[in-house]
Amino acid sequence: MRRELIAVFIAMAVMITAAFVIPLGLAARAGARDRGFDQARADAATLGPLLAAGDLDALRREVEQRNELGPLEVTVVRGTEALGAPLELTPRLESALRDRRSAEGDTAGGGEVVRAVVSGDGTVGAVRVFIPGAELHRGVLRSLAMLSLVGAVLVAVAVAVADRLAARLRAPVLDLASAAARVGAGETAIEVPVGGPRELAATATAFNSMSAQVTAMMERERAMVGELAHRLRTPLTRLRLDLDRVADPEVAAALAADVAALSGELDQLIRRARPRSEPDAATELVTVAGDRFEFWAALAADEDRACTFDALVDTAVIPADPEEVAAAVDVLLENVFAHTEPATAFRMWVDGGAWGAELVVEDAGPGFDPAMAAAGVSGAGSTGLGLSIVQRLVDEVGGSLTVDRSTLGGARIRVLFEPELRGVVLSAP
């Protein structure tokens with residue numbers, strides 16, 4: 001666009017320059033011609049009376065002086081005598097001597113002015129003033145050079161203005177193109193600088209409004225899908241519990257595999273629904289863990305499970321996405337329901353300090369082999385502990401995941417967040 005706009009301005013400047021340079025050049029040429037003929041007419045008018053008076057001495061001195069001083073060539077003919085420049089019998093000079101007719105016009109090598117004069121004794125004479133071609137064009141080349149210089153300056157100014165205008169147009173257009181490409185790549189939270197001409201500014205404003213609406217819509221969809229996925233964990237856990245009532249081992253194994261596959265799909269759904277974490281994303285662990293505990297407490301009441309949640313600190317902030325932390329808490333609590341009998345008690349607590357934050361879930365069940373937990377396989381050999389989401393969160397934030405024996409007699413899963421291991425400092429009392 002920049003080159004095209006500059007080309008248009010150059011074409012316009014050249015046409016404007018030609019529109020005034022050509023007429024002015026012709027006017028300068030005509031002025032130089034008129035100036036030469038005016039001088040020749042003045043010389044002929046001055047010498048004519050001297051020729052008519054017959055004062056040859058005075059006439060000779062005047063002719064010699066004019067030929068010495070000026071670029072014009074003066075010749076005076078009286079009868080058979082000629083004074084001044086070498087005599088050249090042109091058609092106009094012959095007509096003046098024969099027909100007593102004055103004339104002027106172009107001739108070989110320039111122009112001439114011929115004036116017929118009749119002296120007092122009846123002798124016919126003539127004054128011929130020759131104008132060299134160089135005199136007829138004197139100053140024309142300089143005028144054309146000046147006009148061409150002005151035209152060149154005009155073209156240069158047009159190029160500078162076009163380049164400036166193109167730059168003013170180009171930056172907003174490139175911003176819009178870059179933003180559109182980023183939207184095409186999946187990034188939606190984009191704001192284009194509003195600037196440039198009114199039309200481009202209006203386009204940028206409309207683009208920013210569209211981007212904001214799309215971002216808000218996607219956030220609502222992500223939140224809805226994530227909440228739906230979290231809520232599906234409750235009926236999924238009930239299905240796991242009902243598998244114990246299936247008498248046929250093969251049917252139970254097939255159903256358990258289906259439930260495990262569905263659980264994996266839920267994990268994928270939560271990951272896809274979760275927005276991309278910002279570099280400064282943070283989660284208040286006490287609040288998120290408490291919210292998810294209240295969600296699972298309803299299922300615990302249905303199964304007569306005693307459960308408690310203890311917040312040993314008022315706040316514990318970790319540098320992680322809230323949706324990812326909620327999914328990890330869901331996995332920890334779901335394992336309690338999936339791998340313990342109904343009426344088995346459990347509890348969860350959160351602790352924190354300058355060292356980091358800690359999330360612990362423990363139950364009063366039979367427990368399981370920590371080596372099997374590390375491999376992601378449950379004691380029953382069917383569904384597994386499904387701690388991949390938790391482990392991924394620990395890897396991202398920094399810390400450790402341990403499985404050991406609970407003080408209640410069953411399993412205890414301890415998630416320790418130590419972001420300082422990754423160059424992050426927690427804000428916790």
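Counting begins at 1 with the first residue of the sequence. Quick note: numbers below take in every heavy atom, side chains included, and nothing from hydrogens, waters or symmetry partners.
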Enclosure of Met210 CE (heavy-atom neighbours >12, cutoff 6.0 Å):
yes
To the nearest 0.5 Å, atom CG of Leu147 lies from atom CG of Leu154 at 12.0 Å
Test log, rule salt bridge (charged side-chain N to carboxylate O under 4.0 Å, His left out), inputs Asp395 and Arg392
CA-CA 5 Å; Asp395 293 339; Arg392 183 168 55 252; over 6 Å; no
pair Glu135-Leu72: side-chain heavy atoms closer than 4.5 Å:
yes
With side chains defined as the heavy atoms from C-beta onward, is the minimum distance between Ile318 and Thr283 less than 4.5 Å?
yes
Donor on one side chain, acceptor on other, Glu112 and Thr90, under 3.5 Å
yes
With a 4.5 Å heavy-atom cut-off, do Leu333 and Phe295 have their side chains touching?
no
Report the distance from atom CZ of Arg78 to atom OG1 of Thr123, rounding to the nearest 0.5 Å.
4.5 Å
Side chain to side chain contact (heavy atoms under 4.5 Å, CB included), that's the test. Do Phe346 and Asn335 meet it? Break it down for me.
CA-CA 11 Å; Phe346 70 91; Asn335 276 330; over 6 Å; no
Is the closest basic N to carboxylate O distance between Glu64 and Arg61 below 4.0 Å?
no
In terms of side-chain geometry, is the basic nitrogen of Arg35 or Asp38 positioned less than 4.0 Å from the acidic oxygen of its partner?
no
Side-chain touch Glu396/Glu324, heavy atoms, less than 4.5 angstrom:
yes
How many angstroms lie between CG in Leu332 and CG in Asp363, if you round to the nearest 0.5 Å?
11.5 Å
Can you check side chain to side chain contact (heavy atoms under 4.5 Å, CB included) on Asp314 and Val286, steps first, answer last?
CA-CA 7 Å; Asp314 293 332; Val286 174; over 6 Å; no
Can you tell me how far CZ of Arg128 sits from CD of Glu104, rounded to the nearest 0.5 angstrom?
13.0 Å
Would you check if the side chain of Asn67 reaches a backbone N or O of Glu73 as a donor-acceptor pair within less than 3.5 Å?
no
State, with a plain yes or no, whether a side-chain heavy atom of Phe309 is found less than 4.5 Å away from one of Val350.
yes
Side chain to side chain, Arg305 and Phe337, heavy atoms closer than 4.5 Å
yes
Might you confirm whether atom CD1 of Ile22 has over 12 heavy atoms from other residues, nucleotides or ligands at distances under 6.0 Å?
no
Does atom CZ of Arg98 have more than 12 heavy-atom neighbours, drawn from other residues, nucleotides or ligands, at distances under 6.0 Å?
yes
Is Arg33 salt-bridged to Asp106, cutoff N-O under 4.0 Å?
yes
Does CZ belonging to Arg41 count more than 12 external heavy atoms closer than 6.0 Å?
yes
Kindly indicate, with the supporting measurements, whether the criterion side chain to side chain contact (heavy atoms under 4.5 Å, CB included) is fulfilled by Trp296 and Asp330.
CA-CA 8 Å; Trp296 288 95; Asp330 281 341; 2.8 Å; yes
Just checking Arg66: does its CZ atom have more than 12 heavy atoms from other residues, nucleotides or ligands closer to it than 6.0 angstrom?
yes
Partner residues of Phe130 under the ring-ring contact (aromatic ring centres under 6.0 Å, His included) criterion, sequence neighbours left out:
none
